[in-house]
Novice: 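Let me give you the structure first, and then I'll get to my questions.
On a predicted model such as this, the values are computed, not experimentally measured, just so you know. Note that these values count all heavy atoms, side chains included, but never hydrogens, waters or copies made by symmetry. Sequence lines set the chain letters: A, B, ... in the order given, protein chains first and strands last, and positions in each chain run from 1.
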Amino acid sequence: MNVIRFIRLHVNSWSIMSIIFTLLILSPALSIFFQIFEKPNENWAHIQEFLLKNYIQNTLMIVFFTGLFSILIGVSLAWFVTAYRFPLRRFFKWGLILPLAIPPYIGAYTYHGIVNYTGVLQSTLRNEFNITANPAYFDIMNIPGAIFIFTIFLYPYVYIITRAYLEQQSASLIENARLLGSGPLELFFRVIMPISRTAIIGGASLVILEVLNDYGVVSYFGIQVITTAIFQAWFGMSDVASAIKLAGMLMAIVFLILFLEKVLRGRKQYSYSNAKVRPLEPISLSREKTILLFGYVMFIFTAGFLIPFVQLFQWMMMTYEKVVSPDFLQLIFNSVYVSLISAFIIMIIALVIGNFIRLSDSPWSKAVSRVTVLGYSIPGAVIAIGVLTFFLWLDRHLNTVYTALGIDAPIILSLGLGMLIFAYVSRFLAIGFNPVDAGFDKIGRSFTEASRLLGTSLMRTFFKVDLPMIRGAVFGGFTLVFIEVMKELPLTLLLQPFNFYTLSTKAFQYANDEAVHEAALASMLIILISGLSIFVFHAVLEKEKK
Amino acid sequence: MIMQLHDVTFSYRNTKEKTIQHLSMEMEKGEILTILGQSGSGKSTVLRLIAGLEVPEAGMITINGSTMFDQKTFVQPENRGVGMVFQDYALFPHMTVAGNIKFGLKKMKRAEHDERLASVIELVGLKGFEKRYPHELSGGQQQRVALARAMAPNPSIILFDEPFSNLDADLQIKIRDELRTILKKAGITSIFVTHDQADARAIADRVILMENGHILKTGTPDLILC
């Protein structure tokens with residue numbers, strides 16, 4: 001009876017498809033996990049003895065300082081924008097998010113292009129002021145430089161979450177502290193920082209995950225970290241075994257970060273159940289302080305957005321005639337093509353899994369939802385290695401099948417576009433899934449139940465009732481995935497088929513080949529698309545939530 | 001006998017206590033029954049079990065002579081011929097009043113759809129509102145659309161889950177009386193779930209008093225509610 005009851009309750013086409021999708025999504029991670037403990041080879045012994053310590057040290061150093069500076073900049077900006085009046089405050093409220101539109105790898109080669117010997121900074125000093133400075137002063141291709149790049153382009157994660165949090169805080173808390181005689185510094189460190197701890201940790205862990213995911217910045221700057229080591233093991237030495245071990249290590253760091261985040265957040269919620277939240281009224285400062293404040297905000301905005309944007313724009317105007325060609329259109333087509341297919345597949349999977357989780361009380365539905373969002377925390381390079389080994393394994397087994405059937409021209413999966421798209425789906429599923437999940441959450445179950453009691457099957461109900469009701473969320477999720485795939489770099493570099501480039505990998509290749517100016521047009525396109533993503537996320541999806 | 005529950009037991013996942021314990025009840029055709037009880041007494045769960053939205057652990061449910069649930073059978077909600085008016089009405093926001101009401105008419109011939117629509121619209125007194133969307137209607141009107149939608153496919157039985165809890169007090173009394181008139185006129189068997197004694201008294205032929213998942217007593221409103 002129990003087995004029959006279980007089947008009757010939990011087995012339907014939705015649950016079966018969800019389990020299959022989940023296993024597929026999980027396969028790259030599993031593939032790494034199973035091979036991580038295999039017997040090490042000579043190469044690995046060498047890496048372990050001479051290089052590994054350095055990789056890990058560099059990785060952790062960059063992670064730590066980027067996290068620290070992002071918190072300082074992000075939280076201070078969030079506080080200033082919420083609490084004080086200064087010129088252009090309303091513009092900066094949104095403008096300070098814009099650095100996020102510039103992927104750090106683009107920021108890295110743009111800044112290098114500005115400060116290197118032939119760049120605008122040193123050549124102006126030489127030509128206009130006749131000053132030949134020591135080029136070493138301008139060298140940013142080192143660890144502090146990488147920390148600067150990551151911080152200035154990623155701090156918005158902390159800023160966005162903290163600002164939203166401070167805005168929701170009941171103003172009475174802060175006003176009370178003021179009335180109790182807290183000065184601005186004391187207020188900031190003893191009230192603002194502690195109460196927004198949850199938000200700050202949430203934002204900082206996003207920053208850190210982005211840093212761990214990065215390959216573009218560190219490789220362009222020639223810094224040895226775990227990600228770059230994975231690339232060297234694979235491309236330089238064709239040593240999959242060592243690449244897997246390194247990927248496993250990077251994954252362990254990611255899990256450590258996620259674990260720390262959970263522990264640091266604790267059970268503290270600090271949220272107000274009180275629905276009537278009065279926004280904090282910003283106060284005016286003295287003239288000098290206002291100028292100082294404005295200067296700081298303007299400096300961050302200039303460094304994080306204005307300078308790289310203007311420089312890229314100038315380079316683009318210099319080179320677009322040379323760059324625009326049938327080949328370039330092919331790049332755009334490639335990017336759009338893989339992004340569209342990936343986004344389409346992701347939304348279908350997200351809808352199936354989302355609907356399954358919503359309708360099922362079964363013990364595994366929670367596990368499925370966890371796995372679904374896991375991919376986004378795992379660095380692209382790790383997913384790429386996992387997918388690669390999974391497909392190589394598939395090819396080996398298919399090969400025996402081909403031989404047995406006597407097929408001459410077998411399809412080799414690990415050489416095709418399918419592998420790349422599979423990896424995108426596995427990495428970005430969370431981005432499409434979260435809005436769908438929120439959408440289902442908002443409509444609840446009673447519409448579905450009403451429809452079924454009116455004689456409509458589960459499947460028909462999905463198409464006639466559920467789907468039309470969450471189409472806004474589906475559209476939002478589709479757009480976000482599309483854009484994320486467009487700007488993805490490390491995973492694409494590892495898995496793109498021979499002679500297949502996307503906008504981002506081509507831009508990166510230009511930059512690596514000392515043709516930074518030629519990279520500008522592709523970079524500009526990516527920045528514009530990313531800007532659109534920020535707009536979609538905040539304008540469309542935030543509205544959806546209400 | 002149009003509906004029968006025999007020795008039905010049920011508990012929600014992750015709860016130790018049985019939400020429904022060895023519950024048995026039956027109904028005659030055309031009867032209006034009210035299940036009265038505090039929140040947590042299991043009264044709404046009885047409706048969900050009859051509708052097929054939850055699966056019992058044991059027992060038997062029959063509707064109109066055919067078995068809906070026993071050891072071997074489980075009929076899906078869409079095949080039970082049961083109508084339900086939800087607490088929040090659950091009117092499909094992307095469909096008009098007419099679209100909502102016609103939604104359940106798949107088993108009828110196309111030609112009969114408009115005829116059926118007209119007759120239930122007439123019955124609930126919403127003539128002229130067919131092209132409106134749910135958000136363009138008042139709370140009382142929305143409820144009448146929900147009733148018309150549940151009635152349209154001619155179900156054996158209609159279930160009402162706290163149908164008056166979203167209405168203003170004076171509207172509640174008016175609609176309650178109206179509803180009883182409509183149901184009696186159409187001869188529809190119905191079950192109301194409520195925590196309000198006044199509701200039960202005004203609308204029911206018979207009242208079942210529930211507590212902690214089983215029936216405390218049953219009888220006419222005058223007998224139970226004194």
Novice: Examine whether an atom of A:Thr448 lies under 4.5 Å from a heavy atom of chain B, and if so say whether it belongs to the side chain, the backbone or both; otherwise answer neither.
Specialist: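 Neither; nothing under 4.5 Å.
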
Novice: Inspect the contact between A:Glu449 and B:Arg48 and indicate whether a charged nitrogen and a carboxylate oxygen are less than 4.0 angstrom apart.
Specialist: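 The answer is yes: the pair qualifies as a salt bridge.
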
Novice: Are any non-hydrogen side-chain atoms of B:Phe92 and A:Pro468 less than 4.5 angstrom apart?
Specialist: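 No. Closest side-chain heavy atoms not under 4.5 Å.
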
Novice: Using non-hydrogen atoms and a 4.5 Å limit, figure out which bit of B:Leu159 sits close to chain A: side chain, backbone, both or neither.
Specialist: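 Neither part.
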
Novice: Verify side chain to side chain contact (heavy atoms under 4.5 Å, CB included) between A:Thr456 and B:Lys106, making sure each step is shown before the conclusion.
Specialist: CA-CA 8 Å; A:Thr456 312; B:Lys106 281 172 284 284; 2.7 Å; yes

Novice: By a 4.5 Å heavy-atom criterion (distance strictly below it), what part of A:Ile443 contacts chain B: side chain, backbone, both, or neither?
Specialist: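 For A:Ile443, neither part sits under 4.5 Å from chain B.
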
Novice: Does atom CD of B:Gln38 have more than 12 heavy-atom neighbours, drawn from other residues, nucleotides or ligands, at distances under 6.0 Å?
Specialist: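 12 or below, so no.
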
Novice: Could you check A:Leu453, A:Leu458, A:Leu454 and say which one makes a side-chain contact (heavy atoms from CB on, under 4.5 Å) with B:Pro77?
Specialist: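 Among the candidates, only A:Leu453 passes.
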
Novice: In terms of heavy-atom contacts, does CZ of A:Phe344 have more than 12 from other residues, nucleotides or ligands at under 6.0 Å?
Specialist: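 No, because the 6.0 Å sphere around CZ of A:Phe344 holds 12 heavy atoms or fewer from other groups.
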
Novice: Can you measure from CG (B:Leu53) to CZ (A:Arg452) and round to the nearest 0.5 angstrom?
Specialist: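 The CG atom of B:Leu53 sits 7.5 Å away from the CZ atom of A:Arg452.
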
Novice: Report the option among B:Pro93, B:Pro153, B:Pro155, B:Ala146 that has the most heavy-atom pairs separated by less than 4.5 Å from atoms of chain A.
Specialist: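 Highest number of pairs under 4.5 Å: B:Pro93.
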
Novice: Going through the distances and angles, do B:Phe103 and A:Lys464 end up as a side chain to side chain contact (heavy atoms under 4.5 Å, CB included)?
Specialist: CA-CA 10 Å; B:Phe103 189 86; A:Lys464 297 214 47 160; 4.1 Å; yes

Novice: For the CD atom on B:Glu112, are there more than 12 heavy atoms of other groups (residues, nucleotides or ligands in this structure) within a distance under 6.0 Å?
Specialist: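 Counting neighbours around CD of B:Glu112, more than 12 heavy atoms of other residues, nucleotides or ligands fall under 6.0 Å, so yes.
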
Novice: Is it true that atom NE2 of B:His113 has more than 12 heavy atoms of other residues, nucleotides or ligands lying nearer than 6.0 Å?
Specialist: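 Count over threshold, so yes.
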
